[in-house]
Each structure stands twice: as C-alpha cells, then as structure tokens.
Number of protein chains: 2
Amino acid sequence: MPAKPVRPRLNRDVICEAALELLAESGADSFSMRALGDRLGVDASAFYRHYPDKDALLREVGDRALAPATRGFTTSEDPSDDVRRMCLGVRKALLRSPVALQLTQAGPTRYPNELRITEVMLDAFDRAGMAPEDAVLAYHVFIEYTVGSAALDAPLAVSAQLRRETYRRWRADYAQLPSDDYPAIRAHAAHLYPSSDTVFRTGLEALLARLLGT
Amino acid sequence: MPAKPVRPRLNRDVICEAALELLAESGADSFSMRALGDRLGVDASAFYRHYPDKDALLREVGDRALAPATRGFTTSEDPSDDVRRMCLGVRKALLRSPVALQLTQAGPTRYPNELRITEVMLDAFDRAGMAPEDAVLAYHVFIEYTVGSAALDAPLAVSAQLRRETYRRWRADYAQLPSDDYPAIRAHAAHLYPSSDTVFRTGLEALLARLLGT
DNA sequence: ACCTGAACACCGTTCAAGT
DNA sequence: ACCTGAACACCGTTCAAGT
C-alpha cells in the first residue's frame, strides 16, 4: 500500500480536534496558541497559515463543540417539544466545552452546527403556526435565554462537587447578611442557588408555554 | 483652611472611578492594569496594595456599574412591575458599561448594588404571594435571563449605527444560504435580528406573565 | 504606609528564513 | 507550500528598594 503523505501535518480538522481536547483537559483559561502548538508539536505561529487569528480559530472550535446538539436530532410532530429538546441539547453541549463563552461574544459563526440549530428552531415555530415576525422573535428569545444561561452557568459546570460546595458557601454568606438591610435575602438564604438545571428548566417551560401557547 | 492631605493618592474610590471612565472610553479589550496606571499617573503594581488581583478590582468596578439600576429605585404596589422595572434597569446599566461581562463569570460579588437588586426582587416575589422555593426559582430565572441577554447583547451595544449595519449584513448573509439545506432560515432572513431590546422585552413579558401569573 | 522599578513568566502576532 | 525561530509589543503579578 502506498505510504500516507506525511504532509500536511496541520489542517483545520486536526487543529480543532486538538483544541477541543486541550480545552476539555486544561480549561479555557490555560488555552493559548503556544499551548496548542506544544500539544501538536508545532510552533504557535504555524496556525496563522490556517486561521487569520485566535478568534477565528476558536469560532470554528466553538461550532464543533455544538455537534452533539445537532448530530442525531430528529424533528417530531410536536414543535414545542422540538424547541425544548434543541435548547436542552444546546445547553448541554455548551456546558460541556468551555469554549461556549467565546461564542457568545462574536456574533453568529454561520458554521454548520449553528445553522442547523437555527433551521430546526425557525421551522418549529413555523409549524406551530406563528407569524414570521413572531417566529423570529421567539427564536431570538430562546437563543438568548439558552446561550446566556449557559454562559453564566459554565464556570461551575466542570465539577458537580465543586458546584455543590460553592453553592453551599454562598448560601452561608447570604445567611449572615444584616437582616435590617436585607430581610428578604435573609429569609430566602437557605433556598438560594438551587440546581442551575432546574432554574433553566423553569424559565424554558415558562417561555414555551407563553410563546408557543401550549 | 488646612491643606488637604496629598496622601493617599490611591484608594478604592479613585481606582474604581478611573477604571469606569477608562472602560467607557476605550472599551473592555484595551483595559489593562498598565493602562489604568497610566491614567492615574501611577505604576501598575501600585494597585496590588488595594486589591489582591485584577479580577477583584473588576468585580468592585462591576458592582459600581450597577449603581444606576438601584439608585432611585422605588418599590410600587405592583410586584410584577417592580420586577419588570428592575430587570430593565439592570439590563440598561450592564449595556452601558463593558465590564458587565466580567461579572457574569465570577459568581455573586455581594457588593451593595448587587445585594439591593437581589433584595428588591425576592421581596417582590414574596409580595406576589409566591412560596419561598418558587420565589427563589423565579429570582434566578429573571437574573439569568437579564444578565445572560446583556452579556450577549453587550458587544454591539456601544453604537446604534454599528449595530444596525451589522444586523443588516448578517441578514444579507443569511439570505444567501442554500435554500435546499436551510429553507426556514432563507424564508425568515429578512426578519432576523430585530432590535435586541424588543427581543429582551418579549422574553421578559413572557416570563412575567407565566411566573408571576399576571 | 504607600509607591516605584525591575524582573519574571507569560501572551498574540508578524515576518524573514529555512526545507 | 508549509513550518520555524526570532522578534515585537504587549500582559498580570511579585518583590526588593525607595520615600
């Protein structure tokens, strides 16, 4: 069999794959072009032949992180449930990979996974019988809520144990506030910071019920 | 009259004030300890006597950016409207100062403005007759939605003209997608990206109607 | 007590040079 | 065509030294 060409060592596929691994292992804070270069046995400057800059690289990496939400998604007969499942899937994918946050700051990537999510949701609102303007409005509301929540929840999503301990500490802090100034906080301190998944579900169901009229 | 003591040149008040100005003028990207030092005529290392690190400094700056939302806020007889006005005020403050995003990533600051916002909202849910667990759940939903949306909208909030042009360009891009793969996107391209304030209002009213039973 | 200045260990990015 | 290596212009942070 013919020898596989050793060149090219680098292309967008191997770069994004390595970036996703590096992000999953070491977190978003310690990601750098130099660290990515080390992992691939390549100088950091080599990436600039494949992407104009770090942001462009991370935008493609970010879209690939969304793949679990689109791969295998099947539309049902219930548009409301399609929106529900898609939002939950997007949230799960965003919490899994710490590059999610990056995506929130650069506008639409128009990469395949993002486009598929948009298509599925707009189609669902259409099937629900919404007027075009209302469908677009609803689409943006669900995306802002889903991505925004994920951006807030992501920093503590890495470890369930760390999350529980952190929430417990925060509750204890709230419980020690002066009750003259903050009576309502004091009264609710023990209940603050329920599971962020429960919080997300609560808002999601409220939006579905009101905007899709289920 | 006695001469004002020249020392201390630096304290938390003058540091935060200068940081807010620098952020408003030059944006979040070009903020650095060195740039802040230049503005105050001081070496960058001088701040480390007043804050443990850059994050701690920005957390206090972030809370001060919320001041417009709490200063002058008065509770009404309609809890639902109190929540509405507070969320709109928080959004406005967050879009005004580009440090908002920073706040979303570090957990609660427990600085005065953030605490006041929490107190007002929990109190409103109480007055609406909600059970304590439901009040806390609703509080977290509204905060996630408000802060999350602001984090997504902030990058384009600086200039209305830039925002309009950017949205127009994005719509044009969506309109050129292959309609075989993305029929719903193509059909809605002209309506995508309505005013982000309208989007926020739509979701906010849906959540108010469903969670506060208006 | 408070700030300076130099230093350390990093960054993203560019560009001539190598192969 | 693709990558290297050195260089540039930055970072946040520490710490001995100054006043």
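Each chain gets a letter, A, B and so on, in the order the sequences are listed, and its residues count up from 1.
- For the C1' atom pair drawn from C/dA7 and D/dC11, the interatomic distance equals 14 Å after rounding to whole Å.
- Nearest-nucleotide mapping onto DNA chain C: of A/Pro52 and A/Ser30, the residue sitting toward the 5' end is A/Ser30.
- Taking side-chain N and O atoms only, B/Ser32 has a distance below 4.0 Å to OP1 or OP2 of D/dC11.
- A/Arg110 forms a cation-pi arrangement with B/Tyr174, by the criterion of a distance under 6.0 Å to the ring centre and an angle within 45° of the ring axis.
- Regarding contacts with the backbone of C/dC2, every side-chain N or O of B/His50 stays at 4.0 angstrom or more from both OP1 and OP2.
- The aromatic ring centroids of B/Phe200 and B/Tyr145 lie less than 6.0 Å from each other.
- Separating the OG1 atom in A/Thr166 from the CD atom in A/Gln161 is a distance of 10.0 Å, to the nearest 0.5 Å.
- Comparing D/dT4, D/dT13, C/dT13 against the side chain of B/Tyr48 picks out D/dT13 as the nearest.
- Looking at A/Arg164 and A/Ser195, their side chains never bring a donor and an acceptor atom within 3.5 Å of each other.
- For B/Arg34, the side-chain atoms get nearest to D/dT13 when compared with the rest of D/dT13, D/dA7, C/dT14.
- Here the nucleotide nearest the side chain of B/Ala44, chosen from D/dT13, C/dT14, C/dT4, is D/dT13.
- A/Arg171 forms no cation-pi arrangement with A/Tyr193, by the criterion of a distance under 6.0 Å to the ring centre and an angle within 45° of the ring axis.
- The residue among B/Arg49 and B/Asp55 whose nearest nucleotide of DNA chain D is located toward the 5' end is B/Asp55.
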(message) What does the 5'-to-3' dot-bracket notation of DNA chain D look like when only Watson-Crick and G-U wobble pairs under 3.5 Å count, and pairs to other strands show as |?
(response) ||.|||||...|||||.||
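- Side-chain atoms of B/Asn113 and B/Thr70 form a donor-acceptor pair, as typed in the model, at a separation below 3.5 Å.
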